Amino acid sequence: MAVLKKIRSRWWSQTETPADYSPPTEETLRLSGGFKYDVRPLTISQLDECWRLDQHCFVDGEAYSRETFEYLLTAPESVSFRTVTSGGVMVGFVIGLVEPDHTGHVTTVGVAPDHRRRHLAKRLMAEVEAGFRQRQVRLVRLEVRSLNIAAQKLYESLGYTVTQRLPRYYSNGGDGLLMLKSLE
């Protein structure tokens with residue numbers, strides 16, 4: 001999970017979402033074990049649910065504040081999705097931002113511990129990348145803990161490459177890795 005060092009000022013505050021951008025329609029995922037999940041857009045109306053899930057996903061002190069989620073979910077450059085159970089409970093989320101240089105930045109991906117290993121993060125990454133493509137993003141970046149081998153393997157399987165080590169990137173002093181992927 002990438003850590004926002006500071007809540008940056010809103011980019012393109014006067015710019016509207018491109019007219020040709022439309023979030024993907026709800027898509028049902030049927031996965032092993034008979035579980036059924038839907039991928040839906042993530043909006044400010046799910047702020048508290050997303051924040052609580054983040055607190056559950058990241059218990060190592062790297063969870064975002066509620067204010068950071070509010071910023072991320074209201075930013076015009078946000079590209080965000082959630083995974084919900086058939087009962088409507090959010091069990092995963094991804095939030096990305098389109099930066100001024102048209103780079104996509106995956107700021108956070110979270111899946112509830114009891115719903116992991118069901119390819120939900122992979123599906124969420126595919127959705128955020130599709131949202132980035134609709135906004136003419138050609139390069140996506142993300143940061144991941146240097147010790148989070150499982151996440152690194154996931155991102156590598158999706159075509160991301162480690163390009164830089166980020167010493168003491170996380171607030172607890174842990175190193176991060178910058179990973180990039182071309183969408184072209």
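Every value quoted in this text rests on a predicted model; they were computed, and no experiment measured them. Note: hydrogens, waters and symmetry copies are ignored here, and every other heavy atom, side chains too, is used.
- Counting heavy atoms from C-beta on, the side chains of L72 and L97 come closer than 4.5 Å.
- Listed by chain and number, the residues in a side chain to side chain donor-acceptor pair (under 3.5 Å) with S157 amount to none (sequence neighbours excluded).
- Between R141 and E99 a salt bridge is recorded (basic side-chain N to carboxylate O distance below 4.0 Å).
- For Q46, the side chain to side chain donor-acceptor pair (under 3.5 Å) partners at least two apart in sequence or on another chain are T43.
- For residues 146-166, the salt bridge (Lys or Arg N to Asp or Glu O under 4.0 Å) pairs, not counting sequence neighbours, are R165-D175.
- Every residue two or more places apart in sequence or in another chain that forms a side-chain contact (heavy atoms from CB on, under 4.5 Å) with A126 is listed here: R123.
- S182 pairs by the side-chain contact (heavy atoms from CB on, under 4.5 Å) definition with E184, not counting sequence neighbours.
- Applying the salt bridge (charged side-chain N to carboxylate O under 4.0 Å, His left out) criterion to R52, with sequence neighbours excluded, gives no partner residue.
- In this view, L47 and I44, R66, F69, E70, L73 satisfy the side-chain contact (heavy atoms from CB on, under 4.5 Å) rule, not counting sequence neighbours.
- Qualifying side chain to side chain donor-acceptor pair (under 3.5 Å) partners for T103, counting only residues two or more places apart in sequence or in other chains: D101.
- Legend: residues meeting side chain to side chain donor-acceptor pair (under 3.5 Å) with R133, ordered by chain and number and at least two apart, are absent.
- Among residues two or more places apart in sequence or in another chain, the side-chain contact (heavy atoms from CB on, under 4.5 Å) test is passed with N172 by E62, R145, Y170.
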With a cut-off of 3.5 Å and sequence neighbours excluded, list every side-chain donor-acceptor pair involving residues 86-96.
none

